[in-house]
Amino acid sequence: MNGDREITAELTPSESVAARASRGRVSLTFAAKTDLGRVRENNEDKFDFWEPEDTGTLASRGRLYAVADGMGGHAAGQIASEMALKAFAASYYAGSSADVEEALARAVAQANAFVHDTQRAVPSRRGMGCTLVAAAIVGTDAFIVWAGDSRAYRITADAIEPLTEDHSWVGDQLRAGVITPEEAETHPYRNIITRCLGPEPGVTPDVKKVPLAEGDILLLCTDGLTGPLRDGEIAAAARGVAPSFACRNLIDLANERGGPDNITVALIRIDAVNPEPEDPVSPAPDAGPALTSELTKRPRWSPFRR
Ligand code: MN
């Protein structure tokens, strides 16, 4: 792709050492599905995931799971979703910041700039854009980043907790107490989103850190799931079965309610949490130069080089 020149900054040795020294890790099971629904002619939703094998990258950046919901008509929304997810992941893994939340926000900003520049330059893509919600699993924490009305939830044995707040007109009215949750569900303006990637030169995502516990299920989805289904129904369908079956069941449920939009769901089930730091780096006092050269020479992991 073009435009990856500015998102290939090196991870410095000191940052990677700091990141590696402080974290345990989780075991997880991931599954995702996307579906056309019953009304639309194109699927403008997309999901993707990145699971680096290199232990340094795994410790500093972790695994990344993302969902996007495109808009713009014809093929434009589909292209926006795909471009945004690729640019987002490339920027995240190439970014130089040791701070995960900052790296995620910067990756969203760079993905936005990439989609924005493309839609300005190509007349048939004018106005295209997409939402984005992503979870980076780093150590024993999840870092959720989002722009738009695609959502993340944490589902436990007895609760479902929204991790995101919709960037939408209805969401703003709801939080301001102007409308009720019941009114929000059927409001004629519920499709109007106030933040997304593409249409504007800049976007400010929200980022949230969530400590993980064994048994937690993180669910990322587009509004094609949350429009037809209530939170309690989503939780009931997500629990107690393998994540791949849960994804299928959730999509079937949304389609049984008419499938008015494309439906995408990604599930991350936390199977175990190991709080012990893995592979801690403790260089001997005189090992500075050797460590530096080893880390500098190690090929950087990139989602484009799989
Ligand atoms: Mn949608």
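These numbers come from the heavy atoms of this one structure, side chains and all, not from hydrogens, waters or symmetry mates. Since this is a predicted model, take the numbers as computed values, not measurements.
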Nearest non-hydrogen partners of [X] and [Y], listed with the distance:
X    : Y    : result
T222 : A68  : CG2-O, 4.0 Å
L174 : I179 : CD1-O, 3.5 Å
P205 : V145 : CB-CG2, 3.8 Å
C221 : Y153 : SG-CE1, 4.3 Å
V203 : R195 : CG2-CB, 4.4 Å
D166 : D149 : OD1-O, 3.8 Å

Next item on the list: Kindly write out the residues that satisfy side-chain contact (heavy atoms from CB on, under 4.5 Å) with A66, not counting sequence neighbours, or none if the list is empty.
Entry: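 By the side-chain contact (heavy atoms from CB on, under 4.5 Å) rule, A66 matches W50, L85, F88, A134.
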Out of curiosity, does [Y] fall in the hydrophobic cluster containing [X] (side-chain heavy atoms, cut-off under 4.5 Å, transitive links)?
X    : Y    : answer
I217 : I268 : no
L212 : F49  : yes
V178 : I192 : yes
L197 : Y93  : yes
L267 : L28  : no

Is any side-chain heavy atom of [X] less than 4.5 Å from a side-chain heavy atom of [Y]?
X    : Y    : answer
M83  : T118 : yes
D206 : T164 : no
T156 : D216 : yes
M128 : V115 : yes
R151 : D231 : yes
Q173 : V170 : no
I160 : R230 : no
K46  : K86  : no

Measure from the side-chain N and O atoms of [X] to the backbone N and O of [Y], and report whether any donor-acceptor pair falls under 3.5 Å.
X    : Y    : value
R25  : G139 : no
S81  : C130 : no
R63  : I137 : no
S91  : A87  : no
K208 : L163 : yes
R257 : G227 : no

Notebook entry, point to check: Would you find more than 12 non-hydrogen atoms of other residues, nucleotides or ligands less than 6.0 Å from E185 atom CD?
Noted result: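 Yes, enclosed.
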Notebook entry, point to check: Got more than 12 heavy atoms from elsewhere within 6.0 Å of CZ, R175?
Noted result: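 Check passes, neighbour count above 12.
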Next item on the list: State plainly whether the residues E161 and R154 are in salt-bridge range, i.e. N to O under 4.0 Å.
Entry: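 Result for this pair is yes, salt bridge flagged.
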Checklist line | Ion pair D223/R190, N-O distance below 4.0 Å | finding: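 So D223 does not pair with R190 through a salt bridge.
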Nearest-0.5 Å distance that lies between atom [atom1] in [X] and atom [atom2] in [Y]:
X    : Y    : atom1 : atom2 : value
D172 : T194 : CG    : OG1   : 5.0 Å
T57  : L64  : OG1   : CG    : 12.5 Å
L250 : D35  : CG    : CG    : 11.5 Å

Check: Between Q78 and N43, does a side-chain contact (heavy atoms from CB on, under 4.5 Å) hold up when you go through it step by step?
Finding: CA-CA 7 Å; Q78 212 169 335; N43 189 348; 5.8 Å; no
Next item on the list: Have a look at R40 and tell me which of D69, D45, D261 forms a salt bridge (charged side-chain N to carboxylate O under 4.0 Å, His left out) with it.
Entry: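 Single pass found, and it is D261.
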Note to self: If you apply the rule side-chain contact (heavy atoms from CB on, under 4.5 Å), what do you find for R106 with D99, and how did you get there?
What the structure shows: CA-CA 11 Å; R106 212 177 276 178; D99 183 281; over 6 Å; no
Checklist line | Where at least one partner belongs to residues 162-186, residue pairs that pass ring-ring contact (aromatic ring centres under 6.0 Å, His included), sequence neighbours excluded | finding: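 Every pair satisfying ring-ring contact (aromatic ring centres under 6.0 Å, His included) with a residue in residues 162-186: W146-H167, W169-H187, W169-Y189.
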Item checked: From CA spacing to verdict: side chain to side chain donor-acceptor pair (under 3.5 Å), D271, T29 -> CA-CA 7 Å; D271 297 321; T29 304; 2.5 Å; yes
Next item on the list: Test N262 against L36 for side-chain contact (heavy atoms from CB on, under 4.5 Å), laying out the working first.
Entry: CA-CA 5 Å; N262 306 143; L36 186 61; 4.0 Å; yes
